[in-house]
Amino acid sequence: MKRADTAEIAMRIIIDRPVPGVWHSLQSRDGAPLDPQRSGDGEPLAFDFAVRVGPGPKFFGDQVRREGPSRRFVYVRVGQAAGDHASPWSRRMKVDIHDIDPALLARAAGGGIIVTTICGTARDGSPACATVPALRRELVER
């Protein structure tokens with residue numbers, strides 16, 4: 001697919017209720033931590049990035065990972081995986097993007113940011129990991 005056949009869409013992942021003091025980051029194209037952040041008192045963390053979306057929809061971009069023919073997601077690295085070698089945790093969260101409503105994608109192509117909010121704390125009080133479902137997804141103005 002030609003780059004001209006895609007639309008760039010701004011995305012933001014908000015981690016609500018992250019475990020205080022634990023580093024989180026996006027995963028860069030080469031697999032390294034990107035934009036590491038930590039919450040001092042459990043305040044939300046926000047990560048901005050862009051994706052290109054083509055017909056289908058098909059997703060492309062430095063943070064887009066693939067699994068199978070249609071699943072696309074973004075990794076959020078946690079603890080050691082986010083660059084904090086003293087952390088007792090080394091985890092990744094998968095935040096699915098392939099399931100974004102096509103109507104929301106079309107609206108976002110006209111401007112705005114698709115914001116996906118996830119919970120950063122697992123039931124046992126440790127940092128969330130594996131596939132983390134969206135608590136909400138909405139379009140906000142830039």
Side-chain angles (χ1 to χ4, degrees), residues 1 3 5-142:
M1 177 173 303
R3 193 184 262 291
D5 296 334
T6 64
E8 185 166 296
I9 295 180
M11 307 277 280
R12 176 176 296 143
I13 294 174
I14 295 179
I15 303 173
D16 192 34
R17 298 184 306 276
V19 175
V22 177
W23 286 95
H24 293 72
S25 74
L26 291 178
Q27 181 167 304
S28 70
R29 181 180 193 111
D30 66 0
L34 178 66
D35 188 23
Q37 304 175 33
R38 67 180 171 162
S39 173
D41 295 317
E43 67 275 1
L45 301 173
F47 295 96
D48 290 344
F49 59 100
V51 298
R52 292 183 325 280
V53 181
K58 293 184 179 178
F59 296 86
F60 307 92
D62 289 347
Q63 278 66 58
V64 177
R65 300 293 178 262
R66 58 189 310 145
E67 185 175 290
S70 60
R71 185 176 189 192
R72 300 295 179 266
F73 58 91
V74 173
Y75 273 129
V76 175
R77 299 168 68 96
V78 180
Q80 292 178 26
D84 180 7
H85 301 291
S87 176
W89 297 289
S90 184
R91 299 179 172 179
R92 291 190 301 186
M93 298 182 220
K94 279 184 179 179
V95 181
D96 285 323
I97 61 171
H98 67 275
D99 58 352
I100 297 175
D101 186 308
L104 183 59
L105 290 170
R107 288 179 31 225
I113 303 168
I114 294 178
V115 178
T116 301
T117 302
I118 61 172
C119 182
T121 302
R123 290 183 190 149
D124 67 358
S126 69
C129 63
T131 300
V132 181
L135 298 174
R136 73 185 155 276
R137 187 171 275 146
E138 60 193 338
L139 184 66
V140 299
E141 292 187 28
R142 290 183 193 234

Heavy-atom closest contact ([X] atom, [Y] atom, distance):
X: G42; Y: P20; result: N-CG, 3.7 Å
X: G112; Y: A10; result: O-CB, 3.8 Å
X: P133; Y: I118; result: O-CG2, 3.7 Å
X: S126; Y: W89; result: CB-NE1, 3.7 Å
X: S25; Y: P36; result: CB-CA, 3.7 Å
X: C119; Y: R17; result: SG-NH2, 3.3 Å

Evaluate the side chain to side chain contact (heavy atoms under 4.5 Å, CB included) criterion for residues V95 and F47: first the C-alpha distance (whole Å), next the side-chain angles of each, then the deciding distance (0.1 Å), finally the verdict. CA-CA 12 Å; V95 181; F47 295 96; over 6 Å; no

Report yes if some heavy atom in the side chain of [X] is under 4.5 Å from a heavy atom in the side chain of [Y]; otherwise report no.
X: I14; Y: L45; answer: no
X: D16; Y: P44; answer: yes
X: M11; Y: I100; answer: yes
X: P127; Y: V78; answer: yes
X: K58; Y: R66; answer: no
X: I13; Y: V76; answer: yes
X: P18; Y: Q37; answer: no
X: L26; Y: V74; answer: yes

More than 12 heavy atoms of other residues, nucleotides or ligands under 6.0 Å from CG of D41: is that the case? no

Any side-chain donor paired with an acceptor under 3.5 Å for S28 and R77?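 Distance-only check fails for S28 and R77.
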
Roughly how far, to the nearest 0.5 Å, is the [atom2] atom of [Y] from the [atom1] atom of [X]?
X: D5; Y: R52; atom1: CG; atom2: CZ; value: 11.5 Å
X: I15; Y: T121; atom1: CD1; atom2: OG1; value: 10.0 Å
X: S39; Y: W23; atom1: OG; atom2: CH2; value: 11.0 Å
X: D96; Y: R65; atom1: CG; atom2: CZ; value: 14.0 Å
X: T117; Y: E138; atom1: OG1; atom2: CD; value: 6.0 Å

Yes or no on side chain to side chain contact (heavy atoms under 4.5 Å, CB included) for L34 and Q63, after CA distance, side-chain angles and deciding distance? CA-CA 10 Å; L34 178 66; Q63 278 66 58; 3.2 Å; yes

Check: V22 main-chain N/O paired with H24 side-chain donor or acceptor under 3.5 Å: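 At least one qualifying donor-acceptor pair exists.
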
Side chain to side chain donor-acceptor pair (under 3.5 Å), that's the test. Do T131 and R71 meet it? Break it down for me. CA-CA 12 Å; T131 300; R71 185 176 189 192; 2.9 Å; yes

May I ask you to check whether Y75 and F73 place their ring centers less than 6.0 Å from one another?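 Yes; F73 has its ring centre under 6.0 Å from that of Y75.
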
With the threshold set at 4.0 Å, does a side-chain nitrogen-carboxylate oxygen contact exist between E67 and R72? no

Using a strict cut-off of less than 4.0 Å between a Lys/Arg side-chain nitrogen and an Asp/Glu carboxylate oxygen, indicate whether R137 and D99 qualify as a salt bridge.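 Yes, R137 and D99 are salt-bridged.
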
